[in-house]
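What follows is a set of notes on a single structure, which appears directly below.
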Amino acid sequence: MKSLSQWSVIAWVEIQMLDPDKLTFEHHCGGAVIAERLVLSAAHCFDKQPLQLEHIRLVVGEHRLKMQDKHENRFLAEKVVPHPDFRKSGPHSNDIALIVVSRSGHGVQFNSHVRPICLPDATDSAGRWCAVSGWGFQAEGTESFAPVLRAASVPVLDLATCRKSQVLGGRQQPILDSMICAGVLSGGVDACRGDSGGPLACPAGARWQLAGLVSWGAGCARRQRPGVYTRVASYVRWVLDTAASLGHNID
Ligand code: 4AZ
């Protein structure tokens, strides 16, 4: 678990949002670095309209949430592009957003603390154990974020299992092909509030692939209630086309 968390969290971005009352930047969501100036996150992290770009701050290389870490770097967002067909309710779908990091300074510098994660190939990740990470709530009822970045290993479930009525099937929110369910059915390990937009990273040879983005769930870490992630493989074309239309290439 130690080595897993060490490597899987390297592309993590903390997305902070300005609290207009307190005038402080507060933890808001997670994201993943996919190129020097590109970050992927969940569209639902940006659904408060109007979105004010100057209220968003991106932090890379971070470990302790409330403390200035040696390797952390802050950036502004130049642009946020939520998926044009994002829908939050009935059914919640296309929960993905592409963020362009502002050009200020020299952009995100890659080093042993910050490295981009690969976009996934089309291979189905069902049955693989992947890493979810974030500063989100450590249990469903606790109203506080984790002080240091936490990571957990969760198995990717096949959609048929996830759609069973005793799991997440037959409810208000259908499990679409463009979603991934991951978690142990006995409960106890999961993403929770504050982890949204963060990566579900799967080992692929010597690299990590961004299989999913934390999207939603029925509570957190409950028995028979796996976490639901945006299936990034369903959006690789959209990500590449959107990036290219903004003048960015992804290696
Ligand atoms: C949330 O509220 C949230 N158990 C994120 C992930 C999960 C549940 C809730 C998954 O942002």
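First listed ligand is number 1; within each ligand, the first listed atom is number 1. Everything numeric here is computed off the predicted structure, so don't read it as measured data.
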Taking 4.0 angstrom as the limit and counting only heavy atoms of [X], give me the atoms of ligand 1 inside it, by number and element.
X	value
Cys192	3 (C), 5 (C)
Trp216	7 (C), 10 (C)
Asp190	4 (N), 10 (C)

Pairing of Asp158 and Lys164 as salt bridge, 4.0 angstrom limit: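 Salt bridge between Asp158 and Lys164, a charged N being under 4.0 Å from a carboxylate O: no.
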Neighbour count >12 (heavy atoms, 6.0 Å) for atom CZ, Arg128: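 Correct, the count exceeds 12.
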Member of Val81, Asp85, Val232 meeting the side-chain contact (heavy atoms from CB on, under 4.5 Å) criterion with Trp238: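 With Trp238 as partner, side-chain contact (heavy atoms from CB on, under 4.5 Å) holds for just one option, Val81.
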Nitrogen or oxygen atoms of [X] and ligand 1 under 3.5 Å apart:
X	answer
Ser215	no
Gly219	yes
Ser196	yes

Identity of the nearest option to atom 7 (C) of ligand 1, non-hydrogen atoms only, from Ala221, Ala191, Ala218: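 Minimum heavy-atom distance to atom 7 (C) of ligand 1 goes to Ala191.
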Parallel, tilted or perpendicular, as decided by the 30° and 60° cut-offs, for the rings of Tyr235 and His83: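 Aromatic pair His83/Tyr235 classed perpendicular.
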Ligand 1 contact by Gly136, heavy-atom criterion under 4.0 angstrom: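 No heavy atom of Gly136 comes that close to ligand 1.
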Non-hydrogen atom of Val214 closer than 4.0 Å to ligand 1: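 Checking ligand 1 against Val214, which is what was asked, there is a heavy-atom contact under 4.0 Å.
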Atom 1 (C) of ligand 1: the protein heavy-atom neighbour that sits closest, reported with distance to 0.1 Å: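 Sorting protein heavy atoms by distance from atom 1 (C) of ligand 1 puts Arg193 CA, 3.6 Å first.
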When you measure from the side chain of [X] to the backbone N and O of [Y], does any donor-acceptor pair fall under 3.5 Å?
X	Y	answer
Asp19	Glu26	no
Arg74	Val59	no
Arg163	Ile175	yes

